[in-house]
Engineer: 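Quick one: structure below, then a few questions.
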Amino acid sequence: MAEIKKIKPSLPKGTRDFLPEEVAKRNYIFDTIKKVFRKYGFQQIDTPAFERLETLTGKYGEEGDRLLFKILNSGDYLKDAPEAELQSKNSAAITKHISEKVLRYDLTVPLARYVVQHQSDLTFPFKRFHIAPVWRADRPQKGRYQEFYQCDADIIGSTSLLNEVELTLIYAEVFRVLGIPVYIDLSSRKFLYGFAKLCGAENNFIEFTTIIDKEDKIGSARVKEELNTLTAGTGDKYIDLLPLMYMTEENYEERFENIISKFKVIDSQDGIDGLTEIQIVLEAILKYKYPSDRISFTPTLARGLGYYSGIIWEVVLNKPQILEDFNKEIEMGSLGGGGRYDNLTEMFGGRDMSGVGISFGIERIYDVMEELKLFPAELGETTKVLFVHFDDASEAYAFEALQKVRAADIASEIYPGRRKLDKQMNYANDKKIPFVVVIGGDEMASGKLSFKNMASGEQQKLNIEEIIEKLRS
RNA sequence: GCGUCCAUAGCUCAGUUGGUUAGAGUAGUGGUUUGUGGUACCAUUGGUCGAGGGUUCGAGCCCCUCUGGACGCCCCA
């Protein structure tokens, strides 16, 4: 074997390995979400981990382009790059010559590509879900990684607001099943556009939304300040309206009328439409009265990627509820987000198809569930019973018995090879195997095997059929 | 992309104003008379002190660069 330089085992920045127990817990979350998705009529799809460079660039804004992981071309990739650009050291210009593939940044843009490409094979409205890793060259932070999973459900080709209602119900149901108290913030890009117009900032809409969105973080005084700068003094007086727009179950009717009247004054159809949509969805949801899930129209929620054009969601922890139920305070960013996007398929030459979708932040959900101890205890268990033995004869005997247990569809294993009994018991212990069958000379002679319950330590002599019966119950 | 702090055994950490062969707990392995784990006791493996360079008679400790981590900012799940 060739000489290999020994290196310390380590992972690339922002990535992580998962131990068996962690995978079991992650699968529990995935399975819960999948089950709900399927119940609402969504079908799973998959797409490649990487896409063509031009498929993804420009879809997430300038910031997004910077965060795309580029894959270096194979072969002598510098050969065809123009000498002048190589000399210029302009990374952005050189990129398109040396890289034509990028790792996917989210699941929504690949979906748009997918829908346009396969439109003749799909049934519309197309309801799909997609659970897969995505990659972002972002600086890792709490609950933020460079490789992470997204769980998305989207509906393409239907403008009905019933879709928004259904997706909100999915959010509520998933978090209720997982046991996480959440708060669902609802907002609307159309409404925000109307509000931007009110503030005289319709030409700086993106900047406007970023400022509004920071309200909970930097406070309304600083928002006023920044808005003042952005609108050259015309917009800051409207910021006081924002808290008045916040609509919950108790107050939405009169507040709704109040805001609509303001939009009518400035003749903002977007504002009126946006708000009307919010009201329709909010009313439909409130009819169901999901007790553990609070929801409101939160006008300061503005974030979302550039492509959102209608209603947008964000799911955050319901901190007061968590304090009450678990006596704990947790700091965590949003657990999910989504929205309606009207123009995504156009970019790929498709006919105009509106889409709306939601996404679950699995990594953060995991951290929160770990913190609140919400995972079921039995997730760690895999093997139900372990056969241990003393010598070749008892090993062979145990192996025979093992086949009968497996025939009964019970997860079981035999300790491989000769080892002292306490070591074999230890193996069962470490793997959280709840039952052990000990087989030695006595057991082989009588056919009565020693069946041990690892939790209680209690042990009894049973034949293999009786053991299978016990394991089944 | 910017800022602050950090990096010693698989893991959690000690390591005195720079001074001999770098320590503990835990995990691992072996054992406590050879058929019973999760508790106890004994023994023992394991570290080019994140990597590279520099200052010094001498560096785990001081300086620089890189890599990785934690937490902010931007942005986002």
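Naming convention: chains lettered A, B, ... in sequence-line order (proteins, then strands); numbering from 1 in each chain.
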Engineer: Measure CG/A:Asp138 against P/B:A70 and give the value in whole Å, please.
Structural biologist: 13 Å
Engineer: If the cut-off is 4.0 Å, is A:Lys423 near the phosphate of B:U36, judged by side-chain N/O to OP1 or OP2?
Structural biologist: no
Engineer: Please report the distance separating the C1' of B:C61 from the corresponding atom of B:G50, rounded so that it comes out in whole Å.
Structural biologist: 16 Å
Engineer: Can you tell me, in whole Å, how much space there is between the C1' of B:A27 and that of B:G69?
Structural biologist: 23 Å
Engineer: Please say whether the positively charged group of A:Arg26, taken as NZ for Lys or CZ for Arg, lies over the ring of A:Phe18, i.e. under 6.0 angstrom from the six-membered ring centre and within 45 degrees of the axis.
Structural biologist: yes
Engineer: Would you mind pulling out the nucleotide paired to B:C73, Watson-Crick or G-U wobble, both distances under 3.5 Å?
Structural biologist: B:G1
Engineer: What's the gap between B:C66 and B:C5 when it is taken at their P atoms, as a whole Å value?
Structural biologist: 16 Å
Engineer: Are A:Asp152 and A:Ser359 close enough that a side-chain donor and a side-chain acceptor fall under 3.5 Å?
Structural biologist: yes
Engineer: Looking at B:G30, I'd like to know if its phosphate oxygens (OP1 or OP2) sit under 4.0 Å from a side-chain N or O belonging to A:Arg419.
Structural biologist: yes
Engineer: Using a strict threshold of under 4.0 Å (side-chain N to carboxylate O), is an ion pair present between A:Glu22 and A:Arg16?
Structural biologist: no
Engineer: Is A:Phe148 stacked on the base of B:A77, meaning ring centres closer than 5.5 Å and planes within 30 degrees of each other?
Structural biologist: yes
Engineer: Mind checking who B:G28 pairs with, Watson-Crick or G-U wobble, both distances under 3.5 Å?
Structural biologist: B:U44
Engineer: What distance, rounded to whole Å, do you find between the two C1' atoms, one in B:G47 and one in B:C13?
Structural biologist: 14 Å
Engineer: Base, sugar-phosphate, or nothing: which does A:Gly440 touch, judged by heavy atoms less than 4.0 Å apart?
Structural biologist: base
Engineer: Hydrogens and angles aside, do A:Ser309 and A:Arg340 bring a side-chain donor and acceptor to less than 3.5 Å of each other?
Structural biologist: no
Engineer: Quickly work out the A:Leu107 CG to B:A77 P distance and round it to whole Å.
Structural biologist: 11 Å
Engineer: At under 4.0 Å between heavy atoms, what does A:Gln424 touch on the DNA or RNA strands: base, sugar-phosphate, or nothing?
Structural biologist: nothing
